[in-house]
Amino acid sequence: MSKRKLSRQQRWRVEKIQAERANRAQKRETDDSEKLAAGEYGAEQPGRVMAHFGRTLEVRDAEGTPVRCHLRANLEGLVTGDRVIWRAGQEGSGVVVARVEPESVLKRPDARGLLKPVAANIDQILIVFAVEPAPHPNLIDRYLVAAESTGIAPVLVLNKTDLLPDDGGELGALLERYAGLGYPVVRTTTATDEGLSALREQLNGRTSVFVGQSGVGKSSLIDLLLPEESLRIGALSEDSRKGTHTTTTARLYTMNAREVEDGELIDSPGIREFGLVHLSEQEVTDGFIEFHPFIGHCRFRDCRHRQEPGCALLDAVEAGKIHPERFASYRRILDSLSAPGAQ
């Protein structure tokens, strides 16, 4: 479908708006340079981006106080979680003058399919699923593949464990399989006072991101972890057993030090659901960590791990070194990405 052409007047309006924005940015940069040269800003100090509003940032200073800052014109692409150098101005505001090289950057594809940074300096991605709505192993695998592609450590969090049968059922057995692969598995419930103990321990000393499908209780968990914050919790439909997203703004939260020591959380609707369309077939393959010892050992260099003779992955499945359900899940993911209309 071709793009609609703009009229001459519309093009003029767009160009006028862009020119005005450029002029404002240039004026702000000139003002900043003059103030910096005149010593009107304080000394450089470290901070961390709590929220991002266009050219304006909310930065947390060393004492934990939020400060509204704007960016120098030569700084682009800052996101929530970035560590920065800023200088205090007058009336409680400030200016960010530099970005500290991030230890990790979480990127998601935008509407055009281009990868865009959405958060920085994340230590772990907590993949939340629940007894209800019942998770499908393929859905968990999709989240794990997406998390592995970021290079940020994934952690599986099973919520609403009070609804599990005493023997753990099929879901308990599934969790043991993932634990056997080396993935940390945390069980939680909001039904008891002790239900979040293991989760709080996992959050100690880390900056975390929660992801997962609607209705698994992410907002409920965050609300309990951040009792002083106001987070709206969406109702879970009794009929459909599916929930709706309720958080709308990317933000860095600091958890209660009495419950989680030095723990922080970034929450954003652009983070919570992971797509895979930006990944190549090889990146999906690499996202299955138990495949790693066998990748590159197939008879044919262009092996696609379907029915080719001498396929190291198929041989590993036959030998019981790769679980057949995980391999079937891998094939379903690849097929879904190559299907017509895949998003």
Side-chain angles (χ1 to χ4, degrees), residues 122-148 152-227 231 233-236 238 241-243 245-247 253 255-256 258-267 271-274 287-290 323 325-326 329:
I122 298 168
D123 298 309
Q124 59 183 1
I125 297 174
L126 282 79
I127 303 168
V128 183
F129 55 105
V131 180
E132 290 185 4
H136 192 282
N138 184 247
L139 179 66
I140 298 175
D141 289 337
R142 293 178 74 91
Y143 276 107
L144 284 172
V145 168
E148 291 288 349
I152 302 170
V155 177
L156 295 177
V157 178
L158 176 62
N159 195 22
K160 309 180 185 180
T161 53
D162 54 295
L163 301 179
L164 276 176
D166 292 338
D167 62 358
E170 295 182 3
L171 190 51
L174 179 64
L175 287 178
E176 291 302 321
R177 186 193 308 167
Y178 286 114
L181 293 175
Y183 287 115
V185 176
V186 177
R187 293 169 172 81
T188 66
T189 176
T190 60
T192 65
D193 293 338
E194 298 78 23
L196 298 185
S197 298
L199 179 59
R200 289 189 173 105
E201 183 176 347
Q202 183 67 39
L203 296 171
N204 280 335
R206 300 180 176 95
T207 297
S208 307
V209 162
F210 282 74
V211 302
Q213 67 178 144
S214 300
V216 297
K218 296 184 301 296
S219 291
S220 297
L221 289 174
I222 294 170
D223 188 55
L224 289 173
L225 292 167
L226 305 167
L231 290 181
I233 301 174
L236 181 67
E238 291 292 334
R241 293 290 184 180
K242 292 183 182 291
H245 286 319
T246 56
T247 312
Y253 298 96
M255 293 181 225
N256 190 329
R258 293 189 300 273
E259 298 176 348
V260 177
E261 184 178 353
D262 195 25
E264 296 174 317
L265 172 67
I266 295 177
D267 189 42
I271 296 174
R272 288 176 315 209
E273 294 247 22
F274 275 13
F288 284 76
I289 57 175
E290 70 269 43
H323 198 287
E325 290 185 15
R326 276 274 284 178
S329 181

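Here the structure is a predicted model, which is why all the values come from computation and not from measurement.
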From [X] [atom1] over to [Y] [atom2], what is the distance, rounded to the nearest 0.5 angstrom?
X      : Y      : atom1 : atom2 : answer
Phe210 : Ile266 : CZ    : CD1   : 12.0 Å
Thr189 : Leu196 : OG1   : CG    : 8.0 Å
Asn159 : Leu221 : CG    : CG    : 4.0 Å
Leu224 : Thr190 : CG    : OG1   : 6.0 Å
Gln213 : Ile127 : CD    : CD1   : 12.0 Å
Glu259 : Leu225 : CD    : CG    : 7.5 Å

Among residues at least two apart in sequence or on other chains, which ones pass side-chain contact (heavy atoms from CB on, under 4.5 Å) with [X]?
X      : result
Glu148 : Pro154, Tyr183, Ile289
Ile152 : Ser104, Leu106, Ile122, Ile125, Thr150
Ala173 : none
Pro135 : Phe129, Ile140, Leu171

| Qualifying salt bridge (charged side-chain N to carboxylate O under 4.0 Å, His left out) pairs with a residue from residues 171-186, counting only residues at least two apart or across chains | Glu176-Arg187, Arg177-Glu325
Look at the side chain of [X] and the backbone N and O of [Y], then say whether any donor-acceptor pair between them is shorter than 3.5 Å.
X      : Y      : value
Asn204 : Glu261 : yes
Lys160 : Val131 : no
Thr161 : Thr188 : yes
Gln124 : Gln202 : yes

| said: Quick check: closest heavy atoms across Pro137 and Leu174, and the distance to 0.1 Å? | reply: CG-CD2, 4.0 Å
| task | Please name the pair of heavy atoms, one in Ser329 and one in Asp141, separated by the smallest distance, quoted to 0.1 Å. | result | OG-OD2, 2.7 Å
| message | Please identify which of these residues, Leu199, Val186, Leu156, meets the side-chain contact (heavy atoms from CB on, under 4.5 Å) condition with Leu126. | response | Leu199
| task | Could you tell me which residues satisfy salt bridge (charged side-chain N to carboxylate O under 4.0 Å, His left out) with Glu290, sequence neighbours excluded, listed by chain and number? | result | Arg326
| query | For Leu164 and Leu158, what are the C-alpha separation, side-chain angles and deciding distance, and is it a side-chain contact (heavy atoms from CB on, under 4.5 Å)? | reply | CA-CA 10 Å; Leu164 276 176; Leu158 176 62; 3.8 Å; yes
| field | Check: Leu144 and Tyr178 side chains under 4.5 Å, non-hydrogen atoms | value | yes
